[in-house]
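Keep in mind that what you see is a predicted model, and the values were worked out from it rather than measured.
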Amino acid sequence: MSSLFLTSNSAVRAISSKALLATGKSSRLLGLSFLALSMAACNTIPKADMRPVLAEPNVPIEQTYGAFDKETVSSGEQPSIAGQRWQDFYSDERLKGLIALGLENNKDFESARLAIEKARAQYQITDINDLPAINGEAGYSRRRTSGPQGTSTGDNYNVNLGLANYELDFWGKIASLKDQALQNFLATSAAKDATQISLISNIAQSYANLSYSLAQLKLAEATAESRERSLFIADKRFEAGVDPKLPSLQASASLENARLAVLRAQSSILTSRNALQYLIGAPIPNELIPAPAVSNITSQQIFNTGLPSELLRYRPDVLQAEYSLKAAGANIEVARASYFPSISLASSVGVSSGSLDDLFKSGSVGWSFGPSISVPIFDAGRLDANYDVAKIEREQTLANYEKSIQTAFREVSDVLATRATLGQQLEAQYRLQDNFEQTYQIADARFKAGIANYLDVLDAQRSLFSTQQGILDLELQKIVSQIELYQALGGGANLDVPTAIPVPHKNLVQLVNLPASTNKAKAVNAIEAASSARVASPQEAGAIKQAQAKETASFQPTAVVDVNDDGTTDAAVGVITEKTTFDTSTETVPVTQIVEP
């Protein structure tokens, strides 16, 4: 009895002739002819490439992201802030209330949730296709026949219960289709996490923008009120002939600038409110309006980015690209399995009678059962083209995976670059504010003493107002950088709510082969490794490619023959056309067997 097996030096596919050939010389000759054609078709089967896919994003994964400020660290001793739930990362209760409203009402997030349900249903459809389908049908016909003995008319009633063509998954095609659907489902789930992270970040940034727009309005209104007093004084001094017209004109210009600042702040408030209202998908409750210039919205003072390698685990867009790459790898297995014969089972049982009263009598029962096999022999290159398309699609998804990694590191590096000097900019801006406050006080005192021009007072006021506006802008930028760092690291997904993965049904072939041996598990793991990517540095990838190039060896096809009970051989019934390496072991790895009952 021959069997289908894999060794450390070759992948052998041979079908037992005793399982396929029926008794009788004519059946044996027919079977050998069929298998000879199958052998010719199998010669074109592509070799299974089980080498792991290498992703080369060409970014310094094992190095630091870039410059750090004194509030940001990169350490593996403490967990990354990306591992915190958003409820724990943010400390502002008003902001958390708005985020909760957004996750409940936002239409983009609702669409992402529905996309998951759609992907789950699509996976279930693919999985259900692997279950036997039993159909029932009933029919009635009336026929008229003419012959030498005259014309006769009769009725026919029938009721049938049949098993539709059920495919036996010997080559893993159905399993690969289900794996592809599962990976697409997981990719959709990761896309939902990415949408959630983006939504939370946008709500937090809009909240901060609204808060500092309110602060800018408060500052502009106070400045306008002060400049109205300054204009009143300048006008009175001009009317009294103490000062010329120029100080009065400059005071009026300063007041108009302050009024413009008020109008710009009011417009910014309306824009921020509209953006926040759109994100949460509902009117903003008055009790959730932020206070002007919120100083802190997070629960910690030190922001740990974790190790650079953790970025690949927390970023849902990177995980989505990885799942898509695995789906593309499964699609290659689908295209490759299409080269092999398709074996199906079909059966039916039913009753038939010329009279409805006699339909269910014992003598009217009939049944049928039989397997069928379809072998691709000539298809004008369609299978080869589909296989090439599958390989190209995997290369495309690999490029997208590498790009997603590059994008993740670039976004983190950009945020860190912003934060690297933000604290120093704020310190310098506060020093400027102290300088201009003292300048204004001195200029005002000199003006009241009559030893300085009022223009010095106006100039000091303008410089102080501009500096105070700059401080609010930098404080807002500091808050936003904390939000962006949390987002860029992948924080904000529902890490405490794992994705429920549907349990697939098993094909009849899998049930027959259970329990699987350890060696078969090794083969399965090797195939899974070939459908996912390993992220490597350029140096490591170069070393791996060099090692793989040295492993190339010559391989000649070997015929598999049918051995009779008396020791003679009939004809070649199969050809070993593949070579693969699992490990250095020489142990035979059985995959499945076709056994004669």
Open item on the list: Assess whether a salt bridge exists between Asp92 and Arg94, defined as any Lys/Arg side-chain N lying under 4.0 Å from an Asp/Glu carboxylate O.
Closed with: no
Open item on the list: For a 4.5 angstrom cut-off between non-hydrogen side-chain atoms, does Thr305 reach Val73?
Closed with: no
Task: Donor on one side chain, acceptor on other, Thr195 and Asp193, under 3.5 Å - done: no
Open item on the list: Within this structure, what is the CG-OH distance for the pair Leu95 and Tyr207, rounded to the nearest 0.5 Å?
Closed with: 6.0 Å
TODO: Quick one: closest heavy-atom pair of Ile302 and Lys70, and the distance?
DONE: CD1-O, 4.1 Å
Open item on the list: When you compare the side chains of Asn331 and Glu393, does any donor N or O come within less than 3.5 Å of an acceptor on the partner?
Closed with: yes
Open item on the list: Does Gln196 form a side-chain contact (heavy atoms from CB on, under 4.5 Å) with Ile200? I'd like the steps, not just the answer.
Closed with: CA-CA 6 Å; Gln196 177 174 328; Ile200 291 174; 3.9 Å; yes
Task: Under 3.5 Å donor-acceptor, Gln122 side chain and Ala181 backbone - done: no
Open item on the list: Tell me every residue that passes salt bridge (charged side-chain N to carboxylate O under 4.0 Å, His left out) with Arg264, counting only those two or more places apart in sequence or in another chain.
Closed with: none
- [ ] Write down the atom of Ser189, the atom of Ile116, and the distance for their closest heavy-atom approach.
- [x] CA-CD1, 3.7 Å
Open item on the list: Out of the candidates Val412, Ile197, Asn304, only one should pair with Leu489 under the side-chain contact (heavy atoms from CB on, under 4.5 Å) rule; please name it.
Closed with: Val412
Task: Distance-only polar pair, side chains of Asp69 and Thr72, donor-acceptor under 3.5 Å - done: yes
- [ ] Begin with the C-alpha distance, continue with both residues' side-chain angles, and end with the deciding distance and a verdict on salt bridge (charged side-chain N to carboxylate O under 4.0 Å, His left out) for Glu110 and Arg113.
- [x] CA-CA 5 Å; Glu110 181 181 359; Arg113 285 197 299 259; 5.2 Å; no
- [ ] Mind checking the CG-CG spacing from Leu279 to Asn202? Nearest 0.5 Å is all I need.
- [x] 5.5 Å
Task: Atom pair OH (Tyr314) and CD (Glu310), whose distance is rounded to the nearest 0.5 Å - done: 5.0 Å
Open item on the list: Quick test of your reading of the model: are Arg431 and Asp434 salt-bridged, counting only N-O distances below 4.0 Å?
Closed with: no
Open item on the list: Is there a side-chain contact between Gln461 and Ser254 in this structure, where contact means two heavy atoms from C-beta onward sitting under 4.5 Å apart?
Closed with: no
- [ ] Can you measure from OH (Tyr387) to CD1 (Ile332) and round to the nearest 0.5 angstrom?
- [x] 6.0 Å
Task: Heavy-atom neighbours of Glu225 CD exceed 12 at 6.0 Å - done: no
Open item on the list: Between Thr397 (side chain only) and Arg394 (backbone N and O only), is there a donor and an acceptor less than 3.5 Å apart?
Closed with: yes
TODO: Verify, without hydrogens or angle tests, whether Glu221 (side chain) and Lys218 (backbone) share a donor-acceptor contact under 3.5 angstrom.
DONE: no
Open item on the list: To the nearest 0.5 Å, what is the distance between CG on Leu472 and CG on Leu476?
Closed with: 9.0 Å
Open item on the list: One pair to check against side-chain contact (heavy atoms from CB on, under 4.5 Å): Gln205 and Ile479. What are the steps and the verdict?
Closed with: CA-CA 8 Å; Gln205 291 185 49; Ile479 295 294; over 6 Å; no
Open item on the list: Would the distance check show the side chain of Ser211 and the main-chain N or O of Ala291 forming a donor-acceptor pair, the cut-off being under 3.5 Å?
Closed with: yes
Task: Which atom of Ala265 lies closest to which atom of Ser213, heavy atoms considered - done: CB-O, 4.1 Å
- [ ] State, yes or no, whether a side-chain contact exists between Val480 and Thr418 at a heavy-atom distance under 4.5 Å.
- [x] no
Open item on the list: Between Arg410 and Asp414, does any side-chain N to carboxylate O distance fall below 4.0 Å?
Closed with: yes
Open item on the list: Determine whether a donor-acceptor pair (N or O, by modelled atom type, separation under 3.5 Å) exists between the side chain of Ser404 and the backbone of Val318.
Closed with: no
TODO: Test Tyr401 against Ser324 for side-chain contact (heavy atoms from CB on, under 4.5 Å), laying out the working first.
DONE: CA-CA 8 Å; Tyr401 179 58; Ser324 298; over 6 Å; no
TODO: Taking the side chain as every heavy atom from C-beta outward, state whether Thr407 and Lys403 have any pair of such atoms under 4.5 Å apart.
DONE: yes
Task: Over all atoms of both residues, closest heavy-atom pair of Gly281 and Asn105 - done: O-CB, 3.8 Å
TODO: Quick one: which residue pairs count as a side chain to side chain donor-acceptor pair (under 3.5 Å) with a foot in residues 466-493, not counting sequence neighbours?
DONE: Ser201-Gln487, Gln216-Asp473, Arg419-Ser481, Tyr430-Glu475
- [ ] Would you check if the side chain of Arg259 reaches a backbone N or O of Ala224 as a donor-acceptor pair within less than 3.5 Å?
- [x] no
Open item on the list: I'd like to know whether NZ of Lys96 has more than 12 heavy-atom contacts from other residues, nucleotides or ligands below 6.0 angstrom.
Closed with: yes
Task: Other residues, nucleotides, ligands: >12 heavy atoms within 6.0 Å of Gln301 CD - done: no
Open item on the list: Is there a salt bridge (charged side-chain N to carboxylate O under 4.0 Å, His left out) between Arg315 and Glu322? Walk through the geometry before answering.
Closed with: CA-CA 11 Å; Arg315 288 271 302 210; Glu322 183 179 355; over 6 Å; no
TODO: Compare all side-chain heavy atoms of Leu103 with those of Phe109 and state whether any distance is below 4.5 angstrom.
DONE: yes
TODO: For Thr271 and Ser267, indicate whether the former's side chain and the latter's backbone hold a donor-acceptor pair under 3.5 Å.
DONE: yes
Open item on the list: Heavy-atom count check: over 12 atoms from other residues, nucleotides or ligands less than 6.0 Å from Gln87 CD?
Closed with: yes
Task: Note, Ile297 side chain near Ile483 side chain (heavy atom, < 4.5 Å) - done: yes
- [ ] Report the C-alpha separation of Asn106 and Ile280 in whole Å, then their side-chain angles, then the decisive distance to 0.1 Å, and conclude whether the side-chain contact (heavy atoms from CB on, under 4.5 Å) test is met.
- [x] CA-CA 6 Å; Asn106 184 267; Ile280 66 174; over 6 Å; no
TODO: Mind listing the closest non-hydrogen atom pair of Asp179 and Ala330 along with its distance?
DONE: OD2-CB, 3.5 Å
Task: Ser111 side chain vs Lys107 backbone, donor-acceptor pair below 3.5 Å - done: no
Task: Min side-chain heavy-atom separation Phe409-Pro308 under 4.5 Å - done: yes
- [ ] Please report the shortest heavy-atom distance between Gln300 and Phe89, naming the atom on each side.
- [x] NE2-CE1, 3.0 Å
Open item on the list: Counting C-beta onward and ignoring hydrogens, is there a side-chain heavy-atom pair between Arg462 and Arg227 closer than 4.5 Å?
Closed with: yes
- [ ] Drop me the distance from Gln433's CD to Phe465's CZ, to the nearest 0.5 angstrom.
- [x] 12.5 Å
